[in-house]
Amino acid sequence: MSIRFICGMVLTVMTCALVAPAAYAAGEAVATSEAASLENRIQDLKADVIGLNRDLLVLEEELLFPASTQVAVFVSMDVGKLFALESVQVKLDDKVVSNYLYTPSEVQALHRGGVQRLYVGNLKTGRHELTAFFTGQGPHERDYKRGATLVIEKGAEPKYVELRIRDSAGKLQPEFDVKVWQ
């Protein structure tokens with residue numbers, strides 16, 4: 001081997017040793033910026049998927065429960081000192097459409113003004129009978145089961161029905177009524 005060849009090899013190795021870290025750092029900076037760009041694109045895609053999922057859920061509800069046939073039943077309580085709610089059963093046209101057994105925390109939420117959506121379904125236009133049975137503990141810790149019935153006229157618009165449980169201080173009894181929201 002000639003001296004020229006060996007000097008050329010040494011010079012090549014030294015150049016690579018000096019240039020490689022700088023090239024690696026530049027490559028690392030490019031990789032870091034590409035990773036950040038990729039991370040931003042992933043976050044944008046996640047936001048798009050969440051938005052599409054929300055739109056899909058709204059569309060699904062509109063298709064399953066169109067406004068022309070939709071009926072929704074809600075439960076609310078006022079005070080609740082004369083009645084400790086345990087369960088509610090809802091019948092539409094003598095067909096049980098909902099049964100719900102309440103936990104103590106759910107009853108507390110209703111006492112604080114919460115309203116629970118108990119049922120959402122479809123009804124044909126015309127007259128329908130809605131019956132709700134409330135089970136729980138009444139005054140003096142007696143078992144209590146009361147019902148409330150309402151005939152509703154279903155038109156082309158959605159129908160919202162509230163099952164209300166209220167204390168009647170004058171009678172010292174709970175009252176159960178059904179209210180249709182317009």
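- Distance CG/L45 to CZ/R41: 7.5 Å, rounded to 0.5 Å.
- Considering N99, V97, T131 as possible partners of Q89, the one that fulfils the side chain to side chain contact (heavy atoms under 4.5 Å, CB included) test is N99.
- In this structure, E141 places its CD atom where only 12 or fewer heavy-atom neighbours from other residues, nucleotides or ligands lie under 6.0 Å away.
- Distance check, rounded to the nearest 0.5 Å: CG of L82 to CZ of R166 gives 12.5 Å.
- In this structure, Y160 is not a member of the same hydrophobic cluster as I165, with clusters built from ILVMFWY side-chain heavy atoms closer than 4.5 Å.
- For the atom pair CG of D55 and CD1 of I50, the computed distance is 12.0 Å after rounding to the nearest 0.5 Å.
- In the model, S76 has a side-chain atom that pairs as donor or acceptor with a side-chain atom of E162 under 3.5 Å.
- At a threshold of 4.5 Å between non-hydrogen side-chain atoms, the residues R54 and L57 do not count as touching.
- R164 and D78 are not joined by a salt bridge, as no carboxylate oxygen comes within less than 4.0 angstrom of a charged side-chain nitrogen.
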Could you walk me through whether V180 and K159 satisfy the side-chain contact (heavy atoms from CB on, under 4.5 Å) test, starting with their C-alpha distance in whole Å, then the side-chain angles of each, then the deciding distance to 0.1 Å, before giving a yes or no? CA-CA 7 Å; V180 177; K159 193 64 87 172; 3.5 Å; yes
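- A heavy-atom distance below 4.5 Å is not found between the side chains of K124 and T69.
- Taken together through direct or relayed side-chain contacts under 4.5 Å among Ile, Leu, Val, Met, Phe, Trp and Tyr, V73 and V178 form part of one hydrophobic cluster.
- In this structure, the side chains of Y119 and R117 stay at 4.5 Å or more apart for every pair of heavy atoms.
- Although no hydrogens or angles enter the test, the distance criterion places a donor-acceptor pair under 3.5 Å between the side chain of E106 and the main chain of T103.
- Between L118 and S98 the shortest heavy-atom distance is O-OG, 3.3 Å.
- A cation-pi contact links R146 to Y144, judged by a cut-off of 6.0 Å to the six-membered ring centre and 45° from its axis.
- Side-chain atoms of D143 and Q137 include a donor-acceptor pair closer than 3.5 Å.
- Separation of atoms CG (L101) and OG1 (T135) is listed at 9.5 Å; rounding is to 0.5 Å.
- Just one residue in the list Y102, F134, F176 forms a ring pair (Phe, Tyr, Trp, His ring centres under 6.0 Å) with F83, and that residue is F176.
- Counting heavy atoms from C-beta on, the side chains of D167 and E175 never come closer than 4.5 Å.
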message = Under the criterion side-chain contact (heavy atoms from CB on, under 4.5 Å), I'd like the reasoning laid out for V96 against V90: C-alpha separation, chi angles, the key distance, then a yes or no.
response = CA-CA 6 Å; V96 175; V90 177; over 6 Å; no
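- One distance of note links CD of Q70 with NZ of K154; it measures 8.0 Å at 0.5 Å rounding.
- Using a 4.5 Å heavy-atom threshold, the side chains of L130 and T149 count as separate.
- Linking ILVMFWY residues whenever their side-chain heavy atoms come closer than 4.5 Å, directly or via other members, leaves L85 and F133 in distinct clusters.
- In this structure, F74 is not a member of the same hydrophobic cluster as Y100, with clusters built from ILVMFWY side-chain heavy atoms closer than 4.5 Å.
- No more than 12 heavy atoms of other residues, nucleotides or ligands lie within 6.0 Å of CZ in R127, so this atom counts as exposed by the packing criterion.
- If you take NE2 on H128 and CG on D94, they are separated by 13.0 Å, rounding to the nearest 0.5 Å.
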